[in-house]
Q: 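Before I ask anything, here is the structure I am working with.
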Amino acid sequence: MLSTLAAGALGLAAAPFLRSGWDRALGAVSENDPTGLTGLLPSTDGFRYFSVAGSVPRKTPADYRLELGGLVERPMTFTLDELRALPQTRVVGDVECTDGWRVPGTPFGGVSLAHLLDLAGVRPEGKAVRFTCFDGVYTESLTLDQARRSDVVVALDLQDKPLTHERGGPVRLYVAPMYFYKSAKWLSGISVTDQVVPGYWEEYGYDVDGWLDQAA
Ligand SMILES: Nc1nc2c(c(=O)[nH]1)N[C@H]1C(S)=C(S)[C@@H](COP(=O)(O)O)O[C@H]1N2
Ligand SMILES: [Mo]
């Protein structure tokens with residue numbers, strides 16, 4: 001209902017410049033909406049905005065950093081340029097979360113998480129990976145085996161364009177074979193741990209092994 005009214009009123013289909021204005025407006029409203037209700041409004045890329053944090057600082061290419069540490073031989077810090085300079089991979093998967101919303105066949109581009117882990121060198125005690133975010137709240141986790149899958153990417157691009165702030169940019173995780181809650185937005189830390197530390201939603205009962213398809 002909301003979406004029909006809003007899209008109709010603004011004539012979105014005919015006016016691409018209005019679309020980006022709409023996306024910006026939506027992002028601004030979403031950031032001040034702790035209820036997550038703006039997630040019900042339409043965005044032009046098919047996504048809905050989710051954030052458990054009321055407001056999230058913006059990171060520019062100049063001030064963004066990704067820390068990679070914990071049980072590794074060589075703790076590392078990456079700038080956005082350094083991440084772009086590493087071998088890039090493109091993973092196309094269905095985006096789907098637990099409430100049923102879906103964006104099928106979505107390309108994410110960036111650096112394979114396995115490659116980053118290899119650069120830092122996982123120590124033998126390392127069994128899992130914990131992700132932290134510069135919203136200061138959200139966390140996620142994967143086992144080391146899951147983290148090493150080729151369809152798990154530290155994403156810089158969505159639909160072949162740099163990730164926007166609303167979509168979790170400049171860097172988010174994309175775990176293609178799992179529910180989208182695994183794909184931490186505003187990624188700022190990757191830490192190798194000796195066991196799985198359940199993430200934000202997992203503390204509320206979401207499955208740590210959030211496979212989309214139980215056969216995966
Ligand atoms: N930092 C952070 N990452 C997050 C979330 C969040 O609230 N904060 N929500 C998760 C959930 S439940 C979903 S469905 C997706 C939503 O991503 P989107 O806002 O780009 O659609 O991000 C996931 N990653
Ligand atoms: Mo979600």
Side-chain angles (χ1 to χ4, degrees), residues 2-3 19-20 22-59 64-67 91-110 113 129-142 146-147 151-191 197-212:
L2 261 181
S3 68
R19 288 193 189 194
S20 63
W22 175 246
D23 280 343
R24 272 199 302 280
L26 202 58
V29 175
S30 305
E31 276 182 57
N32 296 314
D33 174 25
T35 65
L37 269 180
T38 48
L40 299 171
L41 294 170
S43 75
T44 49
D45 58 6
F47 283 75
R48 296 187 201 164
Y49 179 87
F50 286 89
S51 174
V52 296
S55 78
V56 181
R58 282 167 192 268
K59 295 282 186 187
Y64 176 80
R65 296 290 182 278
L66 177 64
E67 304 277 350
V91 173
V92 182
D94 294 340
V95 163
E96 186 172 345
C97 203
T98 47
D99 50 3
W101 74 281
R102 216 165 159 264
V103 188
T106 305
F108 285 83
L113 178 58
V129 182
R130 172 173 165 78
F131 304 93
T132 49
C133 307
F134 63 78
D135 61 13
V137 186
Y138 204 73
T139 56
E140 253 306 332
S141 63
L142 290 171
Q146 292 165 356
D151 50 5
V152 175
V153 56
V154 172
L156 313 173
D157 296 328
L158 166 65
Q159 294 164 342
D160 300 311
K161 291 186 286 280
L163 270 169
T164 62
H165 176 77
E166 284 72 29
R167 292 285 75 76
V171 179
R172 82 180 290 167
L173 191 66
Y174 179 52
V175 183
M178 295 194 183
Y179 284 107
F180 206 34
Y181 64 83
K182 301 297 297 186
S183 295
K185 301 166 73 170
W186 306 299
L187 184 66
S188 57
I190 301 175
S191 180
V197 181
Y200 182 94
W201 284 121
E202 293 150 14
E203 295 282 5
Y204 290 93
Y206 282 50
D207 205 340
V208 172
D209 301 318
W211 301 112
L212 282 172

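When a residue number appears, it is its place in the shown sequence, counting from 1. Indexing begins at 1, ligand by ligand and atom by atom, following the structure's order. Everything quoted here is computed from the prediction, not taken from an experiment.
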Q: Quick one: does Ser51 get within less than 4.0 Å of ligand 1, heavy atoms only?
A: yes
Q: Enter the distance from Gln146:CD to Lys182:NZ here, rounded to the nearest 0.5 Å.
A: 6.5 Å
Q: Starting from atom 1 (N) of ligand 1, which protein heavy atom do you reach first, and at what distance in Å?
A: Asp135 OD2, 2.9 Å
Q: Using 30° and 60° as the class boundaries, would you call the ring planes of Tyr200 and Tyr204 parallel, tilted or perpendicular?
A: tilted
Q: Is there a donor-acceptor pair under 3.5 Å between the side chain of Arg172 and the backbone N or O of Arg167?
A: yes
Q: Who's the nearest protein heavy-atom neighbour of atom 13 (C) of ligand 1, and how far?
A: Phe180 O, 3.9 Å
Q: Between Val52 and ligand 1, find which residue part has any heavy-atom pair under 4.0 Å and reply side chain, backbone, both or neither.
A: both
Q: If you measure every N or O of Lys185 against every N or O of ligand 1, does any of those distances drop under 3.5 Å?
A: yes
Q: Assess the residue pair Glu140 and Lys185 against the criterion (salt bridge (charged side-chain N to carboxylate O under 4.0 Å, His left out)); give the C-alpha distance rounded to whole Å, side-chain angles, the decisive distance to 0.1 Å, and a yes or no.
A: CA-CA 10 Å; Glu140 253 306 332; Lys185 301 166 73 170; over 6 Å; no
Q: Rounded to the nearest 0.5 Å, how far apart are CG of Asp207 and CD of Glu202?
A: 8.0 Å
Q: Of the side chain and backbone of Tyr200, name the one, both, or neither that has a heavy atom under 4.0 Å from an atom of ligand 1.
A: neither
Q: Is the closest N or O pair between Arg167 and ligand 1 shorter than 3.5 Å?
A: yes
Q: Please state which part of Ser183 comes within less than 4.0 Å of ligand 1, counting heavy atoms only: side chain, backbone, both or neither.
A: backbone
Q: Check Arg48 against ligand 1 and report side chain, backbone, both or neither, counting heavy atoms closer than 4.0 Å.
A: backbone
Q: Just by distance, do the side chain of Ser141 and the backbone of Pro198 share a donor-acceptor pair under 3.5 Å?
A: no
Q: Between Asp157 (side chain only) and Phe108 (backbone N and O only), is there a donor and an acceptor less than 3.5 Å apart?
A: no
Q: For Asp135, check side chain to side chain contact (heavy atoms under 4.5 Å, CB included) against everything at least two apart and list the hits.
A: Ala53, Val56, Cys133, Val137, Tyr138, Trp186
Q: With heavy atoms under 4.0 Å as the rule, classify the contact between Tyr138 and ligand 1 as side chain, backbone, both or neither.
A: side chain
Q: Report the part of Cys97 in contact with ligand 1, treating N, CA, C, O as backbone and CB onward as side chain, heavy atoms under 4.0 Å; options are side chain, backbone, both, neither.
A: side chain
Q: I'd like to check the side chain to side chain contact (heavy atoms under 4.5 Å, CB included) partners of Pro107; sequence neighbours left out, ordered by chain and number.
A: Arg90, Val92, Gln159, Asp160
Q: Ligand 1 versus Phe47, non-hydrogen atoms closer than 4.0 Å: side chain, backbone, both, neither?
A: side chain
Q: Please identify which atoms of ligand 1 are closer than 4.0 Å to at least one heavy atom of Tyr49.
A: 19 (O)
Q: If you measure from atom 12 (S) of ligand 1 to every heavy atom of Tyr181, Phe134, Tyr206, which option wins on shortest distance?
A: Tyr181
Q: Report yes or no: does Arg172 have a heavy atom closer than 4.0 Å to ligand 1?
A: yes
